[in-house]
Protein chains: 2
Amino acid sequence: MSQREPAGLTAASQIYAALKRDLIQGRFAAGEKLAIKSLKDHYQVGLSPLREALNRLSAYGLLTQENQRGFRVPALTRTDLDDIVTLRQRFERQALVEALDNGDDQWEAELLAAFHRLKRADDQAEDLEHWEQMHLQFHRRLLEPCASRWLLRFIEQLHDQFDRYRRLAPAIPGLRKTLDAQHGELVELALDRRTEAARALIHEHIQLSYEVACGACRDDA
Amino acid sequence: MSQREPAGLTAASQIYAALKRDLIQGRFAAGEKLAIKSLKDHYQVGLSPLREALNRLSAYGLLTQENQRGFRVPALTRTDLDDIVTLRQRFERQALVEALDNGDDQWEAELLAAFHRLKRADDQAEDLEHWEQMHLQFHRRLLEPCASRWLLRFIEQLHDQFDRYRRLAPAIPGLRKTLDAQHGELVELALDRRTEAARALIHEHIQLSYEVACGACRDDA
DNA sequence: GTCGCAACAAAAATCGATTTTTACTATGAC
DNA sequence: GTCATAGTAAAAATCGATTTTTGTTGCGAC
């Protein structure tokens, strides 16, 4: 038997991806109750795959589920944001150290490639979504050699949570430039295996994003 | 309008809980593909709530989902177990420190109560499931005052993963006694706010469980 | 006016049937 | 015998209709 292709995604997986994207982008108001009927119409899918996607998303933490009363978009609070950021800093520092330990030549090459694509996306500022994609991939690639699959999983989850805040916050003019300088420095430190400096920088990098993201939430809840 | 009662759980939530329990207890073989039809018959539920539960469980990490070919029980490997344990140690140490910082009188009382129930469950060794329940609640209670909801969430998730290994491992005669002594010490250290000693002990406590749990997995995969 | 309750409307959850996809088997060409 | 392919059986995924639960409104008692 010949190896089959990855095959097309199920409707449930597609709607999951679409909803996840829209939730992170802030297309739904925080705290909003989702009207399943209108989601069905909007995304042009049946009830079953839609409900499966909603269930996955609530297990993932991008939705909350109340017993017989449907799904709700989680609120954005300052405490929640602080919690997410503190953990991201801890987790990503740890993962970065392990990545620097384990990363090989192949990884270095791919990291450089990811950084290159990110810079390119930066130039053509018209396509914001494309930059977001490249940015996510860069950070994934950076930590990839970390052997702890669970740690990477949690980092990804926290990253998605964080982005709900960040993408809602008002854009700051010079910011992109500063962040991108940090990305460049991260690559350099990574290639040189300057572990301590890299640790400190990733912390600072997240801290900077945090200060931006604070613009997204009112006082606490 | 008067406040309504918590209301009965949906079929999806019930089947979710039942499946989760059975997965953690090791009722399904690791790596096994789940036959949806027979699950439906066994748990006496319809397809829709069953599939919703399966989707939640795979987002939670107790199942894996392959594109158009259903759900599968994740394998048990040594690398996975090591990963889980290392993170549990780090996370629970951290959470414990924060819990000791934040815990108040009320918490101290409830912790003592939880410990008492655990000891009681220990005496009546006939009901193993009851002890498991009390044990879980004790550890939850211990860390409860930790303010980081996300950290507690991850700890719970890792705990469930770990239990898949632990509960499959062969029972060791004197073990329960040693573990329970540690629980008692933990309470004492917690009440006295001896943070460093408590940190060290929770680490050791997890380490001991780990050595038991190793019995559950073959050589690596 | 407020409370309780019934009736109704809307939404969520569930069911059973149908469609789609995969897994398996058998057949025939080379 | 090996490979490819068609055909069939089984399983997964999806659909549309139905049931159950919630939320709202209106009516009457106090």
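Any value given below was found using the heavy atoms of this structure, including those in side chains, with hydrogens, waters and symmetry copies removed. The chains referred to below are lettered A, B, ... by the order of the sequence lines, with proteins before strands, and numbering in each begins at 1.
Separating the CD atom of B/E66 from the P atom of C/dT22 is a distance of 12 Å, rounded to the nearest angstrom. Put simply, CG on A/L47 is 16 Å from C1' on C/dT18, counting in whole angstrom units. With rounding to whole Å, A/K40 atom NZ is found 11 Å from D/dA17 atom C1'. Rounded to whole Å, the distance from CD on B/Q65 to P on D/dA11 is 18 Å. Regarding A/R69, its CZ atom lies at a distance of 11 Å from the P atom of D/dT24, rounded to whole Å. Atom P of nucleotide C/dT14 and atom CG of B/L9 are separated by 10 Å, given to the nearest angstrom. Straight-line distance from the CG atom of A/L50 to the C1' atom of D/dG16: 14 Å, rounded to whole Å. Rounded to whole angstrom, the span from the OH atom of A/Y43 across to the P atom of D/dT14 amounts to 17 Å.
Contact record, A/P170 with A/V212: O-CG1, 4.4 Å, taken as the closest heavy-atom pair.
Across C/dT22, C/dT14, D/dA13, the shortest atom-to-atom separation from the side chain of B/A11 is found for C/dT14. Listed candidates were C/dA13, C/dT22, D/dT14. Nearest to the side chain of A/Q68 is C/dA13. The side chain of B/I36 approaches D/dA12 more closely than any other nucleotide in the set C/dT14, D/dA12, D/dT14.
Residues passing the salt bridge (charged side-chain N to carboxylate O under 4.0 Å, His left out) test with A/E132, sequence neighbours excluded: A/R166, A/R167.
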Might you work through the salt bridge (charged side-chain N to carboxylate O under 4.0 Å, His left out) test for A/R149 and B/D80, ending with a clear yes or no?
-> CA-CA 8 Å; A/R149 301 339 280 171; B/D80 184 52; over 6 Å; no
Test side chain to side chain contact (heavy atoms under 4.5 Å, CB included) on A/R90 and B/L151 and set out the steps. CA-CA 11 Å; A/R90 257 189 242 148; B/L151 186 57; 4.2 Å; yes
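Residue contacts shown for A/K33 are limited to sugar-phosphate atoms, with no base heavy atom under 4.0 Å away. Heavy atoms of B/S48 sit under 4.0 angstrom from at least one base atom. Nucleic acid contact class of B/L34 (heavy atoms, under 4.0 Å, all strands): sugar-phosphate only.
Salt-bridge annotation for B/R72 and B/E66: present, with a side-chain N of the basic residue lying under 4.0 Å from a carboxylate O of the acidic one.
Contact annotation: B/R51 side-chain N/O to D/dA13 OP1/OP2 distance is under 4.0 Å.
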